[in-house]
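Model, not experiment: these values are computed from the prediction. Within every chain, numbering begins at 1; the chains are lettered A, B, ... in the order of the sequence lines, protein sequences first and strands thereafter.
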Protein chains: 2
Amino acid sequence: MSYHHGNLREALLRRAVQVIADSGVEAVSLRGLARDLGVSHAAPRRHFADRRALLAALAQEGFRRSLQAMEDGAREAGDDPIARHRALGRSYVRFACEDPAYFRAINHPEVSDLVDHELAAAKRRWFTTLREGAEAAQRAGWHPEADPQALVAFSVAAAMGAATLFADERWHGVTGGSDAEKLADDVLDLVVHRSRTSAPRARKRTASRSKRNERSAS
Amino acid sequence: MSYHHGNLREALLRRAVQVIADSGVEAVSLRGLARDLGVSHAAPRRHFADRRALLAALAQEGFRRSLQAMEDGAREAGDDPIARHRALGRSYVRFACEDPAYFRAINHPEVSDLVDHELAAAKRRWFTTLREGAEAAQRAGWHPEADPQALVAFSVAAAMGAATLFADERWHGVTGGSDAEKLADDVLDLVVHRSRTSAPRARKRTASRSKRNERSAS
DNA sequence: TGCCAATGTATCCATCGACAACATCGAACC
DNA sequence: GGTTCGATGTTGTCGATGGATACATTGGCA
């Protein structure tokens with residue numbers, strides 16, 4: 001092996017994702033990652049000032065991925081603002097289930113308490129997307145009577161709560177053995193009713209999306 | 001000082017609650033607690049096998065307290081199952097805001113991942129209460145069309161999400177400078193509409209409860 | 001009174017984060 | 001081509017922590 005690793009920073013992040021998926025955020029240690037990658041225990045320090053900086057980088061990537069998923073979902077949902085808003089929430093829940101490591105990184109207290117400008121900005125973008133989605137949906141007729149701020153808070157709470165419920169293994173017993181995809185759809189329906197969306201038949205569908213929607217269309 | 005502390009176990013738990021409130025669950029260390037209480041660093045071991053056991057005890061007490069709050073809230077909400085179910089959620093959010101240390105203990109990943117029979121039982125009781133509340137509310141006309149399991153999951157997700165939103169300081173910027181009590185009420189209204197509850201005027205009110213509700217009645 | 005279980009103490013070890021001094025590599029520059 | 005220097009990795013160290021074990025003290029009970 002060469003003296004220099006080549007791309008230690010990326011390797012550390014990738015390995016950390018694995019560790020989080022396997023054993024949780026608590027199990028991430030700089031020394032442990034260094035061992036796993038065959039470098040000295042102080043090598044990670046060249047790339048991350050401390051443990052929290054590494055976790056912050058992971059959380060930032062998590063926000064980026066979840067936001068990407070939400071925007072993709074909204075785009076595929078078509079033009080109706082209510083359908084788009086539902087898709088934001090549904091996509092976030094799907095992200096949490098498919099990328100639990102990043103989801104845990106985002107929501108871990110040790111990360112959330114962190115003051116980090118980049119991370120705070122990523123979080124703000126995430127929140128803004130959901131807020132604008134809620135506001136647009138309200139203008140389109142979703143809970144017109146409600147306080148807009150409450151509607152935004154409700155959207156955030158429902159998205160976070162549902163994502164936590166479906167992504168955390170410790171709640172799998174609660175959700176029962178039933179089909180998680182269908183259950184998640186049903187829960188989202190209680191937040192933003194599909195029946196309120198204007199045009200399910202006129203919705204543009206991509207090839208990747210159509211398969212996912214087959215069940216919920218029944 | 002006497003050789004024996006007297007009630008070290010309780011003192012450890014009380015001090016841990018303070019530390020969590022001040023600096024979060026991560027800041028709880030057995031040695032730190034021992035220092036704060038003026039005992040040797042190994043003394044806590046007599047009462048808690050390890051750090052997680054102490055956190056588990058805290059979480060257990062947290063479940064007990066939140067459940068107590070929820071049951072009290074439901075009792076004060078009267079007989080209508082829908083009003084009672086709303087009160088369960090509202091009381092949980094209030095518990096999270098008033099006892100953030102216990103709320104954090106309950107939801108901290110390091111605690112949730114723990115396998116502990118007592119803790120699991122407490123959690124199960126908490127969930128069962130919310131499940132039965134949701135089922136009773138549905139029988140009384142709350143979302144009669146919905147899949148019962150989805151309705152339960154929606155209730156859990158909304159309660160957890162709202163509690164997280166209102167209890168975690170890191171979201172205070174999101175909820176804006178507005179009155180948190182009113183906002184929480186408005187959010188809960190989006191989960192279980194007060195207008196759907198049968199008899200707000202016939203509701204029994206205790207002295208302690210009536211003051212709290214004055215604002216939300218406006 | 002004397003024994004003993006409960007409780008606290010004194011030490012020791014491994015791991016971890018953090019820091020500092022040193023080593024190696026490669027690329028830019030002359 | 002050789003030199004210099006910044007980026008990157010290594011080694012050694014320190015203090016804090018969790019965890020384990022052997023020992024000391026206390027108070028209650030037989």
Enquirer: Without placing hydrogens or testing angles, list every side-chain donor-acceptor pair under 3.5 Å for residues 58-71 of chain B, not counting sequence neighbours.
Expert:
from    : atom 1 : to      : atom 2 : distance (Å)
B:Glu61 : OE1    : B:Arg64 : NE     : 3.1
B:Glu61 : OE2    : B:Arg64 : NH2    : 3.0
B:Glu61 : OE2    : B:Arg65 : NE     : 2.9
B:Arg65 : NH1    : B:Asp99 : OD2    : 3.3
B:Ser66 : OG     : B:Gly62 : O      : 3.2
B:Ser66 : OG     : B:Phe63 : O      : 3.0
B:Gln68 : NE2    : B:Asp72 : OD1    : 3.1

Enquirer: Sub-3.5 Å donor-acceptor pair from the side chain of A:Arg84 to the main-chain atoms of A:Ala77, do we have one?
Expert: no
Enquirer: Students often mix this up, so state it plainly: with edges at 30° and 60°, are the rings of A:His143 and A:Phe154 parallel, tilted or perpendicular?
Expert: perpendicular
Enquirer: Within the 4.5 Å heavy-atom criterion, are B:Glu181 and B:Arg94 side-chain neighbours or not?
Expert: yes
Enquirer: Using atom types as modelled and distance alone, determine if a side-chain donor or acceptor of A:Gln138 lies under 3.5 Å from a backbone N or O of A:Ala146.
Expert: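 Yes; at least one donor-acceptor contact below 3.5 Å.
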Enquirer: Who passes side chain to side chain contact (heavy atoms under 4.5 Å, CB included) against B:Ala158, sequence neighbours left out?
Expert: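 Testing B:Ala158 for side chain to side chain contact (heavy atoms under 4.5 Å, CB included), a comparison that skips the adjacent residues, returns B:Val191.
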Enquirer: Contacts to DNA chain C from residues 36-48 of chain A, heavy-atom cutoff under 4.0 Å, which residues?
Expert: A:His41, A:Ala42, A:Arg45, A:Arg46
Enquirer: Atom CD of B:Glu110 and atom C1' of D:dT17: how far apart are they, to the nearest Å?
Expert: 13 Å
Enquirer: Do any pairs count as a side-chain hydrogen bond (donor to acceptor under 3.5 Å, both in side chains) and have a residue in residues 12-29 of chain A, sequence neighbours left out, and if so which ones?
Expert: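 Sorted pair list: A:Arg15-A:Gln18, A:Arg15-A:Asp36, A:Glu26-A:His108.
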Enquirer: Please report the distance, rounded to the nearest Å, between CG in B:Leu33 and P in D:dT17.
Expert: 10 Å
Enquirer: Would you tell me if any nitrogen or oxygen in the side chain of A:Arg35 comes within less than 4.0 Å of OP1 or OP2 on C:dC16?
Expert: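 So the side-chain polar atoms of A:Arg35 do come within 4.0 Å of the phosphate oxygens OP1 or OP2 of C:dC16, strictly under.
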Enquirer: Any side-chain heavy atom of A:Phe166 sitting closer than 4.5 Å to one from A:Val187?
Expert: yes
Enquirer: Which ones in residues 49-60 of chain B lie close to DNA chain D, meaning a heavy atom under 4.0 Å from one of its atoms?
Expert: B:Asp50, B:Arg51
Enquirer: Can you tell whether the side chains of A:Asp50 and A:Arg45 come within less than 4.0 Å, N to carboxylate O?
Expert: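 So A:Asp50 does not pair with A:Arg45 through a salt bridge.
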Enquirer: Does the pair B:Lys123/B:Asp116 count as a salt bridge with the N-to-O cut at 4.0 Å?
Expert: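 Not counted as a salt bridge, because no side-chain N and carboxylate O are separated by less than 4.0 Å.
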Enquirer: Check each residue of residues 22-31 of chain A for a non-hydrogen atom within less than 4.0 Å of any atom in DNA chain D, then write out the ones that pass by number, or none.
Expert: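 Heavy-atom contacts with DNA chain D come from A:Arg31.
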